[in-house]
Amino acid sequence: MSAIELHARPSKDYARKLDETQKLLVRAASAYSPLTQASSLGAEDVVITHLINSLELDIPVFVLETGMLHPQTLDLLERLKASSRAPVKVYRPVQESVVQFVKREGNEPMYRSIELRKACCHIRKVEPLQRALEGQRAWITGLRREQSAARAEVPLIDESEQRIKFNPLADWTWGDVWHYIAQNRVDYHPLHDEFYPSIGCAPCTRAISLGEDFRAGRWWWEDEAAKECGLHVKNQE
């Protein structure tokens, strides 16, 4: 069964949410330039990129190519670059930093300690993110309140940091996301069909079982409280 067949169940107020999201994106593009969308190529992010393209907004998209992504992620990235009206820019980690880290800690240090996993995330994701956001007044993410307890209070507009963060799908349900994908025939990550609701680097992502938390497949060997990579942690600028 595909992810669409399994999940595409819109909430009763889906139409209102969609209208609110479209208006927020239009407002962001007109009043908060320069801004950019951060995309992991997961379901939420492909929805936002599709909306940006459909509304013909001048909002570029960036993807962090960590060097450890699934082949399916890289394939989807190439398809997006070929089809997107909005420009898609790819940021990679500093190669020398990766080489020195792997030489010192090995190929899969993330399994040995939380500190090493976060160090890997910093080199491959956080530092490239900082470069991607240089000069930007605001950025757009696919964060949703339903994703985890740590994200339960995510606002539509987060002005708590120096750089404004827009979370246009904050109050969307997983069913809303997949309803949009189904209705608009959005190209999505094939691992979603294999029970990967949240997709990151290949060593740090697994499929989840029925009843498991949405983000249970991310860093599954760690304590629940540690399950962020640093991209959405406060005061990182």
N-O pairing of D75 and R79 below 4.0 Å
no
Results of side-chain hydrogen bond (donor to acceptor under 3.5 Å, both in side chains) for S83 - residues two or more places apart only:
none
Counting only N and O atoms by type, is there a donor-acceptor contact under 3.5 Å from the side chain of D19 to the main-chain atoms of A15?
no
So, for Y180 and H50, is the gap between ring centers shorter than 6.0 Å?
yes
Residues K17 and D176 bridged, charged N to O under 4.0 Å:
yes
Measure up the H192 and Y188 rings against each other and bin them: parallel (under 30°), tilted (30 to 60°), perpendicular (over 60°).
tilted
For E146, give me all partners under side-chain hydrogen bond (donor to acceptor under 3.5 Å, both in side chains), at least two apart in sequence or on another chain.
R144
Got a salt bridge between R163 and D158, using NZ or NE/NH1/NH2 to carboxylate O under 4.0 Å?
no
For E78, all residues meeting salt bridge (Lys or Arg N to Asp or Glu O under 4.0 Å), sequence neighbours excluded:
K81
Side-chain donor-acceptor pair present, T205, H70, cut-off under 3.5 Å:
no
Show the nearest heavy-atom pair for residues L24 and P168, with the distance to one decimal.
CD2-CA, 3.8 Å
With the side chain counted from C-beta on, respond yes when C121 and R117 share a heavy-atom pair under 4.5 Å apart, and no when they do not.
yes
Any heavy-atom pair between the side chains of I199 and L41 that's under 4.5 Å?
no
So does L116 get a backbone contact from the side chain of S113, meaning a donor-acceptor N/O pair under 3.5 Å?
yes
Contact check, side chains of I114 and K118, non-hydrogen atoms, under 4.5 Å:
yes
Given side-chain hydrogen bond (donor to acceptor under 3.5 Å, both in side chains), test S11 with W172 step by step and report yes or no.
CA-CA 8 Å; S11 52; W172 284 40; over 6 Å; no
Distance from K12 atom NZ to T173 atom OG1, nearest 0.5 Å?
13.0 Å
Run the side-chain hydrogen bond (donor to acceptor under 3.5 Å, both in side chains) test against R206 and tell me which residues pass, sequence neighbours left out.
E212
Which distance, rounded to the nearest 0.5 Å, do you find between the OG of S40 and the CG of L76?
9.5 Å
Heavy-atom neighbours of R104 CZ exceed 12 at 6.0 Å:
yes
Does the pair R112/E105 count as a salt bridge with the N-to-O cut at 4.0 Å?
yes
Would a 4.5 Å heavy-atom cut-off, applied to side chains only, mark T73 and H189 as touching?
yes
Can you say whether the rings of W178 and H7 are parallel (under 30°), tilted (30 to 60°) or perpendicular (over 60°)?
tilted
Any heavy-atom pair between the side chains of P155 and N167 that's under 4.5 Å?
yes
With a sphere of 6.0 Å drawn around CD of E5, does it hold more than 12 non-hydrogen atoms of other residues, nucleotides or ligands?
yes
Short side-chain to backbone donor-acceptor contact, S30 and V26, under 3.5 Å:
yes
Any ion pair linking E161 and K165 (charged N to carboxylate O, less than 4.0 Å)?
no
Not counting sequence neighbours, which residues clear ring-ring contact (aromatic ring centres under 6.0 Å, His included) with Y111? List them please.
W221
Is any side-chain heavy atom of V90 less than 4.5 Å from a side-chain heavy atom of L77?
yes
Is the closest side-chain donor-acceptor distance between D193 and S2 under 3.5 Å?
no
Tell me, please, which residues at least two apart from Y32 pass ring-ring contact (aromatic ring centres under 6.0 Å, His included).
F166
Work out which heavy atom in P93 is nearest to a heavy atom in I123; give both atom names and the distance.
CB-O, 3.3 Å
Testing the 3.5 Å rule here: is there a donor-acceptor pair between the side chains of S97 and E127?
no
Answer yes or no: is there a side-chain heavy-atom contact under 4.5 Å between I181 and I4?
yes
dist E108:CD -> C201:SG (nearest 0.5 Å) comes out at 11.5 Å
Non-hydrogen atoms of G142 and I48 that approach each other most closely:
CA-CD1, 3.7 Å
Apart from V94 itself, what residues make up its hydrophobic cluster when side-chain heavy atoms of I, L, V, M, F, W and Y under 4.5 Å apart count as a link, directly or indirectly?
none
Partner residues of T36 under the side chain to side chain contact (heavy atoms under 4.5 Å, CB included) criterion, sequence neighbours left out:
P60, F62, L133, Q136, W139
Apart from M1 itself, residues in the same hydrophobic cluster as defined by side-chain heavy atoms under 4.5 Å:
L6, F195
Is it true that a side-chain atom of R124 and a backbone atom of R92 form a donor plus acceptor pair closer than 3.5 Å?
no
Would the number of heavy atoms belonging to other residues, nucleotides or ligands and lying under 6.0 Å from CZ of R85 be above 12?
yes
Can you list the residues that meet the salt bridge (Lys or Arg N to Asp or Glu O under 4.0 Å) rule with D45, with sequence neighbours excluded?
none
Run the side-chain hydrogen bond (donor to acceptor under 3.5 Å, both in side chains) test against E96 and tell me which residues pass, sequence neighbours left out.
Q100
Qualifying side-chain hydrogen bond (donor to acceptor under 3.5 Å, both in side chains) pairs with a residue from residues 57-69, counting only residues at least two apart or across chains:
none
